[in-house]
Amino acid sequence: MKVNWAERLWVNSPLRFLIQKRETRFFKRLRNLKPGTRCLEIGCGHGAGAQIILNTFQPASLDGLDVDPFMIKLALRRQRKRRTNQLRFLVGDAQNLPYVDSSMDAVFNFGIIHHLENWRQSISEVARVLKRGGGFYFEEIYPPLYANLITRILLEHPTENRFHGPEYRGALQSEGFRLLPGYKETRFAILGVAVKE
């Protein structure tokens, strides 16, 4: 599901960039990456998160994937200014990842899974493309934040089959993920790292 105009403003804002930088530093404290890793960011938007991941973790390669061709266009324009060959952007669906099994060392998600009609399928796809011992680095939000009286007027999200903490953590566990200690969770969101066992 593509984001609407209100969320597009948010995901392209300087404040969102600062929050992503802070979250990525938190991810690194929970679990750093070894040199030479291959990484994927699902729902990369205009590429700011990918640039933060690249600067923070310095993987050998990073793919940014987004369902919206307009956002990929913005990401490619941003990349030309950076002149890096470690990073590539492509249009694709997080519910059907265009990668072979066990091809990634890490997958990053800055609040995309709650946008998906079949969010469980996306977690299954993340598990499929991750190598054993690979990390799933995620920030995810729950309905009290995006589907309350005010935000549901401004934002567009699927209304069926939504998840809160127990469902999200249960889906991770059922796909063979172990949630690392130190994750942060409130009734509104979760931020953490899960390892594929």
Side-chain angles (χ1 to χ4, degrees), residues 1-31 40-53 56-57 64-68 71 93-95 106-127 130 135-175 177-196:
M1 177 178 207
K2 295 178 187 176
V3 297
N4 71 353
W5 66 269
E7 276 195 291
R8 192 173 280 168
L9 282 175
W10 165 245
V11 299
N12 293 318
S13 72
L15 179 58
R16 180 64 176 145
F17 179 77
L18 292 173
I19 290 170
Q20 285 179 300
K21 277 182 86 167
R22 186 175 179 190
E23 289 173 346
T24 305
R25 286 193 303 267
F26 174 75
F27 291 153
K28 188 171 183 175
R29 285 194 304 274
L30 283 185
R31 188 171 199 253
L40 167 67
E41 182 192 2
I42 57 173
C44 68
H46 73 302
Q51 198 62 54
I52 296 166
I53 294 164
T56 304
F57 288 99
L65 184 83
D66 202 286
V67 73
D68 188 342
M71 296 302 269
D93 186 351
Q95 297 165 110
V107 176
F108 291 83
N109 162 40
F110 291 106
I112 296 306
I113 290 178
H114 72 277
H115 282 279
L116 306 175
E117 292 84 0
N118 192 345
W119 65 272
R120 288 181 189 275
Q121 175 63 27
S122 179
I123 292 176
S124 178
E125 281 290 280
V126 169
L130 272 175
F136 180 34
Y137 298 74
F138 59 84
E139 168 223 52
E140 207 43 74
I141 63 174
Y142 301 147
L145 189 61
Y146 68 81
N148 61 53
L149 189 59
I150 296 168
T151 56
R152 73 174 168 226
I153 295 167
L154 291 173
L155 308 175
E156 291 178 23
H157 291 88
T159 56
E160 303 294 318
N161 187 25
R162 299 298 81 205
F163 60 85
H164 293 81
E167 295 87 8
Y168 185 78
R169 292 189 313 276
L172 290 174
Q173 186 175 17
S174 71
E175 291 296 337
F177 284 109
R178 176 177 50 88
L179 190 57
L180 294 183
Y183 71 92
K184 296 179 181 179
E185 186 173 29
T186 68
R187 66 183 288 263
F188 299 107
I190 186 168
L191 182 68
V193 180
V195 175
K196 181 182 172 183

Are H114 and Y146 close enough that their ring centers fall under 6.0 Å? yes
With a cut-off of 6.0 Å (strictly less than), are more than 12 heavy atoms of other residues, nucleotides or ligands near CD of E167? yes
Does the side chain of E125 come within less than 4.5 Å of I123's, by heavy atoms? no
Taking ring-ring contact (aromatic ring centres under 6.0 Å, His included) as the test, write out the residues that go with F26, two or more places apart. none
Pairwise distance CG(L65) to CZ(F108) - rounded to 0.5 angstrom: 14.5 Å
Using side-chain heavy atoms (C-beta onward) and a distance below 4.5 Å, is I42 in contact with S122? yes
For the student: nearest non-hydrogen atoms of L116 and A94, plus distance: CD1-CB, 4.0 Å
Quick check on R22: does its CZ atom have over 12 non-hydrogen neighbours (other residues, nucleotides or ligands) under 6.0 Å away? no
Beyond-backbone contact of E160 with E117, side-chain heavy atoms, under 4.5 angstrom: no
At their closest point, which heavy atom of A50 faces which heavy atom of E41, and how far apart are they? N-OE1, 3.1 Å
Inter-residue atom distance L172.CG - R120.CZ, 0.5 Å rounding: 10.0 Å
Taking the side chain as everything from C-beta on, heavy atoms only, tell me whether H164 gets closer than 4.5 Å to P143. yes
So does L191 get a backbone contact from the side chain of K184, meaning a donor-acceptor N/O pair under 3.5 Å? no
Apply ring-ring contact (aromatic ring centres under 6.0 Å, His included) to F136 and list each qualifying residue two or more places apart in sequence or on a separate chain. F138, F177
Pairwise distance OG1(T186) to CG(L145) - rounded to 0.5 angstrom: 8.0 Å
Roughly how far apart are E23 CD and I52 CD1, rounded to 0.5 Å? 9.0 Å
Determine, for E185 against R169, whether the closest basic-nitrogen to carboxylate-oxygen distance falls under 4.0 angstrom. yes
Sub-6.0 Å ring centroid separation between F27 and Y183: no
Considering only heavy atoms from C-beta outward, does the side chain of Y137 approach that of T24 to under 4.5 Å? no
Any donor-acceptor pair under 3.5 Å linking the side chain of K28 with the backbone of T56? yes
Does the side chain of E139 come under 3.5 Å of the side chain of N109 through a donor N or O and an acceptor N or O? no
About how many Å separate CD1 of I112 and CG of D66, when rounded to the nearest 0.5 Å? 6.5 Å
From R25 atom CZ to Q20 atom CD, the distance as rounded to the nearest 0.5 Å: 12.0 Å
Apply side chain to side chain contact (heavy atoms under 4.5 Å, CB included) to Q95 and W119, showing your working. CA-CA 7 Å; Q95 297 165 110; W119 65 272; over 6 Å; no
Shortest non-hydrogen contact between V195 and R31, atoms and distance: CG2-NE, 3.6 Å
Evaluation steps, side chain to side chain contact (heavy atoms under 4.5 Å, CB included), between F188 and I141: CA-CA 6 Å; F188 299 107; I141 63 174; over 6 Å; no
If you look at every heavy atom in E175 and A127, which pair is closest and at what distance? O-CB, 3.8 Å
Using the ring-ring contact (aromatic ring centres under 6.0 Å, His included) criterion, which residues pair with Y142? Sequence neighbours excluded. none
